[in-house]
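This report refers to the structure that appears directly beneath it.
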Amino acid sequence: MARPQVFHPPTLARDRAEHEWLGQLRVGDPLAFERIFRAYYAPLCAFAYSYVRCHETSEEIVQDLFCWIWDRRFTLEMPHGMRLWLFTAARNRSLNVLRDRRLELSTYERFSLYARPQPPAEPPDAVLSASELSAAAARTVALMPPRCREAFTLVRLQHMSYAEAAYVMGISSRTVEVHMTRAIANLRAALAPWVTS
């Protein structure tokens with residue numbers, strides 16, 4: 001059954017503002033660049049962090065992306081909208097960093113990563129504070145399969161629709177829905193001992 005389309009006026013206003021910013025950027029307006037940077041720097045860093053798990057690296061990825069944008073400001077094209085383009089670019093750059101990391105790891109380093117003992121699981125009857133519950137949820141998300149974690153991050157943390165997340169991930173909306181179903185099931189199972197019914 002198809003999901004009904006919901007009208008979101010803020011999205012239309014955001015799309016108009018982004019279109020205006022892009023037009024201004026193409027003529028070299030530094031204020032338009034600053035507006036784009038301020039609007040997207042933090043969300044893009046958080047998104048890149050969901051891949052690389054290092055704040056410095058995620059910031060470097062996003063800063064490099066914005067430098068690239070400024071260098072190509074006069075010819076930059078974003079055919080599907082600025083937001084989707086930026087998140088897709090951040091995803092691709094993050095995946096490149098992960099690929100480069102894998103290439104740099106020696107066989108010994110790979111084995112040592114897997115040989116680390118896992119911390120003991122918290123007892124189910126422990127009473128968790130809000131911050132502990134949040135930490136448990138973050139650990140669960142971090143341990144999800146990569147595509148599942150990516151879909152969850154885009155939909156729940158970046159507030160994208162399934163169609164927008166599908167575009168960024170290069171998959172169908174139905175596949176995003178499948179990943180979201182798995183992600184939510186993982187969270188429910190992992191947090192069940194601490195959440196009262």
### Task
Please report the shortest heavy-atom distance between Met144 and Arg149, naming the atom on each side.
O-NH1, 3.3 Å

### Query
Same hydrophobic cluster for Leu154 and Leu95, using side-chain heavy-atom links shorter than 4.5 Å among ILVMFWY?
yes

### Query
Heavy-atom count around Arg188 CZ within 6.0 Å, excluding the residue itself: above 12?
no

### Query
Could Glu18 and Arg35 be called an ion pair, given the rule that one side-chain N must be under 4.0 Å from one carboxylate O?
no

### No-hydrogen, no-angle side-chain donor-acceptor test under 3.5 Å, Asn96 and Arg93
no

## Note on the structure
Checking Val62, Leu86, Leu65 against Tyr41 for side-chain contact (heavy atoms from CB on, under 4.5 Å), the one that qualifies is Val62

### Student check: side-chain heavy atoms of Pro30 and Trp70 closer than 4.5 Å
yes

### Straight-line distance of Tyr51 OH to Thr153 OG1, nearest 0.5 Å
7.5 Å

### Message
Looking at every heavy atom in both Leu98 and Val52, which two are closest together, and how far apart are they?
### Response
CD2-CA, 4.1 Å

### Query
Where is the tightest heavy-atom contact between Ala142 and Arg53, given as atom of each residue plus distance?
CA-NH2, 3.2 Å

### Task
Measure the CD1-CG distance between Ile61 and Asn92 for me, rounded to the nearest 0.5 Å.
11.0 Å

### Query
What is the minimum heavy-atom distance between Arg91 and Val168, and which atoms define it?
CD-O, 3.5 Å

### Query
In terms of hydrophobic clusters joined by side-chain contacts under 4.5 Å, are Tyr49 and Phe152 together?
no

### Task
Starting at CD1 of Ile36, measure out to CG of Leu25 and round the result to the nearest 0.5 Å.
5.0 Å

### Message
Side chains of Ile171 and His179, heavy atoms from C-beta outward: is any pair under 4.5 Å?
### Response
yes

### Message
Testing the basics here: between Tyr162 and Val176, what is the closest heavy-atom pair and its distance to 0.1 Å?
### Response
O-CG2, 3.9 Å

### Query
Is there side-chain contact between Leu22 and Trp85, with heavy atoms separated by less than 4.5 Å?
no

### Task
Verify the cluster assignment for Phe47 and Trp68: are they in a single hydrophobic cluster under the rule of side-chain heavy atoms below 4.5 Å apart?
yes

### Task
For the residue pair Tyr167 and His80, establish whether any side-chain heavy-atom pair is separated by less than 4.5 Å.
yes

### Message
Distance check, rounded to the nearest 0.5 Å: Ser94 atom OG versus Arg99 atom CZ?
### Response
12.0 Å

### Task
Take atom CD of Gln158 as the centre, draw a 6.0 Å sphere, and report whether it contains more than 12 heavy atoms from other residues, nucleotides or ligands.
yes

### Query
Is a salt bridge present between Arg16 and Glu20, judged by a nitrogen-to-oxygen distance below 4.0 Å?
no

### Distance (rounded to the nearest 0.5 Å) between Met82 CE and Arg14 CZ
10.5 Å

### Message
Once rounded to the nearest 0.5 Å, what's the spacing between atom CZ of Arg147 and atom CZ of Arg182?
### Response
12.0 Å

### Query
Is it the case that more than 12 heavy atoms not belonging to Arg26 sit under 6.0 Å from its CZ atom?
yes

### Query
Where is the tightest heavy-atom contact between Val155 and Ser161, given as atom of each residue plus distance?
CG2-O, 4.5 Å

### Query
Quick one: does Phe87's side chain get under 4.5 Å of Glu164's, heavy atoms only?
no

